[in-house]
Amino acid sequence: MIIVSTDKNKLDIPFIQNFLKDVYWAAGRTIDEVQTTIDNSFCFGIYLDDKQIGFSRVITDYVVFAYLMDVFIAEEHRGNGYSSILIEAMMTEPELQEVKIWRLATSDAHFLYRKFGFNPLAHPEKLMEKICI
């Protein structure tokens, strides 16, 4: 059985860190850094028969803006629609229903996020960033 939970106590932190440390967007993230990101985000775990198979988190003010981050399904569970279940749970989460603007960054999953109404930026010329690496 598949369930999605926002209970941070259920999250398998070593599982999350083990996945994130090797992906392009979070390479090298330590377990302490993963814990800090979880402590400061609205988190979602997806579980198959009570074993965590994926994760995502949202940084938000709950009214104006939300940013999706660290969305993943473990490789051995991909291709079963679990990412769609996870994103659907985020988009329908009652605590996030007042959010006006949702954003995310992806290099390879545009097809997935389009199903949930995400599009290229309407005004990319208005956005700026500062990278401190």
**Request:** Let me see the working for F44 and S5 under side-chain contact (heavy atoms from CB on, under 4.5 Å), right down to the final yes or no.
**Result:** CA-CA 6 Å; F44 296 78; S5 173; over 6 Å; no
**Request:** List for me each residue that meets side-chain contact (heavy atoms from CB on, under 4.5 Å) alongside N40, sequence neighbours excluded, and say none if there are none.
**Result:**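 side-chain contact (heavy atoms from CB on, under 4.5 Å) list for N40, sorted by chain: T36.
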**Asked** Looking at residues at least two apart in the chain, or sitting in another chain, which of them share a side-chain contact (heavy atoms from CB on, under 4.5 Å) with P14?
**Response**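 So P14 forms a side-chain contact (heavy atoms from CB on, under 4.5 Å) with D12, I31.
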**Request:** Decide side-chain contact (heavy atoms from CB on, under 4.5 Å) for I38 and K8; before the verdict, give the C-alpha distance in whole Å, the side-chain angles of both, and the deciding distance to 0.1 Å.
**Result:** CA-CA 8 Å; I38 288 169; K8 290 182 183 182; 4.1 Å; yes
**Request:** Please check if atom CD in Q97 has more than 12 non-hydrogen atoms from other residues, nucleotides or ligands closer than 6.0 Å.
**Result:**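 Yes.
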**Asked** Are more than 12 heavy atoms from other residues, nucleotides or ligands located less than 6.0 Å from atom CG of D22?
**Response**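 Yes, because the 6.0 Å sphere around CG of D22 holds more than 12 heavy atoms from other groups.
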**Asked** Any sub-3.5 Å donor-acceptor pair from R29's side-chain atoms to Q17's backbone N or O?
**Response**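 Judged by distance alone, no pair lies under 3.5 Å.
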Would [X] and [Y] show up in the same hydrophobic cluster when neighbours are defined by side-chain heavy atoms closer than 4.5 Å?
| X | Y | answer |
| --- | --- | --- |
| I16 | V23 | yes |
| Y47 | V71 | no |
| V4 | I13 | no |
| F116 | L68 | yes |
| V99 | F42 | yes |

Atom [atom1] of [X] and atom [atom2] of [Y]: how far apart are they, to the nearest 0.5 Å?
| X | Y | atom1 | atom2 | value |
| --- | --- | --- | --- | --- |
| D108 | T106 | CG | OG1 | 4.5 Å |
| D49 | M1 | CG | CE | 8.0 Å |
| N80 | L48 | CG | CG | 8.5 Å |

Given side chains that start at C-beta, do those of [X] and [Y] come closer than 4.5 Å, heavy atoms only?
| X | Y | answer |
| --- | --- | --- |
| I3 | K10 | yes |
| V63 | K100 | yes |
| Q52 | I46 | no |

Contacts under 3.5 angstrom, residues 82-93 side chains, donor-acceptor by atom type, not counting sequence neighbours:
| residue | atom | partner | partner atom | Å |
| --- | --- | --- | --- | --- |
| S84 | OG | K115 | NZ | 3.1 |
| T92 | OG1 | E88 | O | 2.8 |
| E93 | OE2 | E95 | N | 3.3 |

**Request:** Verify whether the ring centers belonging to F111 and Y113 lie closer than 6.0 Å.
**Result:**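 For F111 and Y113, the ring centres are not under 6.0 Å apart.
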Show me the donor-acceptor pairs, under 3.5 Å and distance only, between side chains in residues 126-133 and residues at least two apart or in other chains.
none

**Message:** Show every ring-ring contact (aromatic ring centres under 6.0 Å, His included) that has at least one partner inside residues 5-25, sequence neighbours left out.
**Reply:**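 Output for this query lists F15-F72, F19-F72.
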Considering residues at least two apart in sequence or located in another chain, which fulfil the side chain to side chain donor-acceptor pair (under 3.5 Å) criterion with [X]?
| X | value |
| --- | --- |
| E125 | H123 |
| D61 | none |
| E33 | T30 |

**Asked** Sequence neighbours excluded, which residues qualify as ring-ring contact (aromatic ring centres under 6.0 Å, His included) partners of Y67?
**Response**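 Listed in chain order: nothing, the list is empty.
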Result block: side-chain N/O donor-acceptor pairs under 3.5 angstrom for residues 53-60, not counting sequence neighbours:
| residue | atom | partner | partner atom | Å |
| --- | --- | --- | --- | --- |
| R57 | NE | D70 | OD2 | 2.7 |
| R57 | NH1 | S41 | OG | 2.8 |
| R57 | NH2 | D70 | OD2 | 3.3 |
| T60 | OG1 | Y62 | N | 2.8 |
| T60 | OG1 | F65 | O | 2.7 |

